[in-house]
Amino acid sequence: MVSDASTMKIDMADFELIPEARRVSSGSAINISPSGYVSLNKYLMEEISARMDTFKLGFACHKQDKRILLLFPTDTPNYTFPSGGSRRDPAFTQSLVQDGIALPARYAVAWNEQAGAWVGVLTGETVEAARDDVFAGLASGRTGIVLTTPEFLSIHRDRFARSGRIGFVVIDEAHHAGLAKGGDRSAYLDMPDILKALGDPVVMAATATATAPVVAELARMLPITRTVVDETVRENLQLEDDRDLASRENRLVSIVATGEKTVIYVNSRDQSVALAKTLRKRVPDCATHIAFYNAGLARSDRRRVEEAFRDGNLSCIVSTSAFGEGVNLPDIRHVVLYHMPFGAIEFNQMSGRAGRDGQPAVIHLLYSSRDARINERLLDCYAPERDELVTLYRALQTMWRSNRGKTGDDSFCASDIDIAQMCLAIDARTPVDERSVESGLGIFEELGFCRVSGFDDTRRIAMAENPGRVQLSRSIRYLEGLRSRMEFSAFRSWALDSCASDMLAKVNRPIVPRA
């Protein structure tokens with residue numbers, strides 16, 4: 001197994017330049033496709049853009065181990081990547097195949113300080129040997145606690161059950177289980193069957209954002225017999241209200257310039273990168289202490305940012321909501337809501353990062369009514385209207401039948417952009433945003449109208465031949481999308497119109513069910 005890209009020892013003499021001759025899952029990565037494409041995914045492109053003013057890169061492959069690639073800044077690039085980050089290079093991809101690397105291949109990429117380069121390592125999920133060791137330790141008693149995800153637990157429930165030793169299951173951030181019907185971590189829906197397979201262990205569910213509907217769903221899903229509510233008020237928190245401030249960037253600069261630990265929340269991955277880059281230029285004394293953080297970063301990169309922030313090597317993080325629940329860094333002095341959150345739970349999770357050591361801390365509201373309109377557009381993309389879904393379905397059927405007629409294959413590959421363009425060709429009156437495509441596919445798959453396998457440029461879509469009538473009311477994802485829009489409408493009014501004292505009363509105590 002190849003070691004972690006961010007810490008491995010790099011000797012430039014071990015690499016040879018690749019002679020010059022598409023998209024991937026979350027986390028910075030280089031994707032190699034069977035059709036000969038070498039692609040830097042958008043998260044890697046974002047990270048490169050944040051570190052470099054010009055896109056000049058060297059590209060190299062380890063001489064003995066082609067599971068390791070290298071990208072490095074240089075004034076004399078040996079390899080040209082177009083602005084989209086993807087180019088076709090059959091000679092190089094074939095050389096990988098000849099060295100025993102199966103395609104498609106994904107190289108997880110992390111910045112390596114020692115080498116001053118991005119190192120890409122061919123990875124997969126936890127290797128089988130490591131899994132076997134954990135399960136063996138669980139069965140023998142050597143391992144007493146296992147940290148896992150609901151998805152892994154659901155898939156491997158039988159292996160956990162065979163140990164015969166699972167007596168206590170803790171579900172942290174349990175509001176996700178209560179929201180699972182809407183597609184939020186839907187593996188939680190398997191929890192009743194999982195617990196039965198494990199022999200009905202004792203269960204504890206913990207969350208600081210438990211609305212009445214969430215608690216009702218948890219009680220339905222889990223064997224909850226007792227509820228403990230802690231309504232402690234965090235008196236150390238202050239709230240500074242600068243909503244709709246004309247020069248919010250200037251105010252943000254003054255906060256970051258204090259050098260005190262600060263988390264700034266924005267509403268997209270692109271914004272986290274762009275704002276971090278802006279702050280590095282505007283607060284040069286703190287430039288090396290500012291980083292961005294979002295769910296698109298590899299787990300190792302997120303861990304590295306968290307550790308640097310914890311140790312004081314970073315003083316400011318610009319993040320999406322990914323740096324929220326589960327993050328327990330005690331000495332954050334400033335939390336800045338630069339953009340409007342998408343709901344009350346997210347508002348509380350973000351604000352709750354401040355002052356967890358009990359010392360004074362400030363929550364700064366810098367969002368505006370314009371942010372609310374942006375959020376509404378984003379929610380529209382994640383929860384398409386019925387007319388948009390009709391157009392999307394017609395486009396998918398057209399592409400599927402066309403591909404089957406040409407190739408005989410029962411499934412086809414297409415990017416979100418390709419599908420959105422087909423929607424426009426089919427009905428220009430009802431354009432479908434490319435960001436809506438993935439949501440629409442999820443709805444159709446839930447209804448049994450299509451099957452989706454793989455991801456990004458390896459994603460394949462197969463449509464049902466005669467699926468019957470589309471009944472969107474049978475799709476939980478569609479109904480929850482409608483509910484999300486309605487809930488945001490109510491939250492929007494509160495977030496824009498409430499007085500500061502009322503807002504502080506919302507964030508300095510947990511959300512608990514009320515009678």
Side-chain angles (χ1 to χ4, degrees), residues 26 42 175-176 178-186 209 211 213-214 217 243-244 265-272 274-275 294-296 319-325 337-351 365-393 416-417 419-420 423-424 429-447 470 472-498 503 506 511:
S26 63
K42 66 178 182 179
H175 53 275
H176 285 299
L179 298 170
K181 279 187 175 180
D184 181 5
R185 308 297 294 271
S186 57
T209 47
T211 60
V214 165
E217 178 61 17
R243 286 172 289 181
D244 286 311
Y265 283 107
V266 294
N267 61 8
S268 73
R269 296 175 182 178
D270 290 344
Q271 285 293 322
S272 71
L275 188 55
N294 58 58
S319 179
T320 61
S321 58
F323 196 86
E325 61 184 28
L337 303 189
Y338 196 73
H339 292 151
M340 182 183 288
F342 284 91
I345 289 178
E346 192 171 271
F347 186 95
N348 273 56
Q349 291 284 359
M350 292 174 174
S351 302
L365 306 185
L366 287 179
Y367 57 76
S368 67
S369 54
R370 179 176 177 273
D371 296 321
R373 292 191 291 273
I374 293 172
N375 283 12
E376 286 169 342
R377 287 197 292 271
L378 289 172
L379 286 171
D380 287 344
C381 291
Y382 299 143
E385 297 281 1
R386 183 183 183 88
D387 289 347
E388 293 175 292
L389 289 170
V390 170
T391 301
L392 175 59
Y393 182 73
D416 292 346
I417 295 176
I419 296 171
C423 290
L424 191 64
R429 299 168 301 175
T430 314
V432 176
D433 191 291
E434 65 174 281
R435 293 170 295 184
S436 299
V437 170
E438 185 175 356
S439 299
L441 283 171
I443 291 170
F444 293 143
E445 190 169 26
E446 181 185 8
L447 293 172
V470 176
L472 292 175
S473 60
R474 295 175 55 194
S475 168
I476 293 173
R477 292 188 67 168
Y478 176 72
L479 295 176
E480 288 294 332
L482 295 179
R483 184 172 66 83
S484 295
R485 287 208 295 262
M486 290 188 291
E487 287 183 351
F488 179 72
S489 179
F491 170 73
R492 177 187 187 278
S493 299
W494 177 83
L496 290 175
D497 300 334
S498 294
M503 301 187 83
K506 274 281 189 180
I511 296 175

For this session: Dump the intermediate steps for side-chain contact (heavy atoms from CB on, under 4.5 Å) on Tyr478 and Leu447, then the final yes or no.
Result: CA-CA 10 Å; Tyr478 176 72; Leu447 293 172; over 6 Å; no
For this session: Show your reasoning for whether side-chain contact (heavy atoms from CB on, under 4.5 Å) applies to Ile443 and Tyr393.
Result: CA-CA 11 Å; Ile443 291 170; Tyr393 182 73; over 6 Å; no
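Residues passing the salt bridge (Lys or Arg N to Asp or Glu O under 4.0 Å) test with Arg435, sequence neighbours excluded: Asp433. Judged as a ring pair (Phe, Tyr, Trp, His ring centres under 6.0 Å), and not counting sequence neighbours, the contacts of Phe491 are Trp494. Partners of Glu438 by salt bridge (Lys or Arg N to Asp or Glu O under 4.0 Å), not counting sequence neighbours: none found. Evaluation of the ring pair (Phe, Tyr, Trp, His ring centres under 6.0 Å) rule for Tyr367 yields no partner, not counting sequence neighbours. Glu445 pairs by the salt bridge (Lys or Arg N to Asp or Glu O under 4.0 Å) definition with nothing, not counting sequence neighbours. In terms of the side chain to side chain contact (heavy atoms under 4.5 Å, CB included) criterion, residue partners of Ser439 (sequence neighbours excluded) are, by chain and number, Tyr382, Pro384.
Taking CZ of Phe488 as the reference point, atom CE of Met340 lies at 5.5 Å (rounded to 0.5 Å). Rounding to the nearest 0.5 Å gives a distance of 13.0 Å between CZ of Arg492 and CZ of Phe342. Rounded to the nearest 0.5 angstrom, Lys506 NZ and Ser351 OG are separated by 12.0 Å. One finds the CG atom of Asp380 at 8.0 Å from the OG atom of Ser436 (value rounded to the nearest 0.5 Å). Taking CG of Leu378 as the start and OG of Ser268 as the end, the distance is 7.5 Å to the nearest 0.5 Å.
The main-chain N or O of Gly343 is never found under 3.5 Å from a side-chain atom of Glu346 such that the two would form a donor-acceptor pair. Judged by distance alone, the side chain of Asp244 and the main-chain N or O of Ser369 form a donor-acceptor pair under 3.5 Å.
Among all heavy-atom pairs drawn from Ala372 and Leu496, the shortest one is CB-CD1, 4.3 Å. Taking every heavy atom of both residues into account, Thr391 and Cys423 meet most closely at CG2-O, 3.6 Å. Closest heavy-atom contact between Ala495 and Met503: O-CE, 3.7 Å. Contact detail for Leu392 and Leu441: the closest heavy-atom pair is CD2-N, 4.4 Å. Closest heavy-atom contact between Tyr338 and Asp371: O-OD2, 3.6 Å.
Of the residues Asn267, Asn375, Thr320, the one that meets the side-chain hydrogen bond (donor to acceptor under 3.5 Å, both in side chains) test with His339 is Asn267.
With hydrogens and angles left out, the side-chain atoms of Asp387 and Thr430 include no donor and acceptor closer than 3.5 Å.
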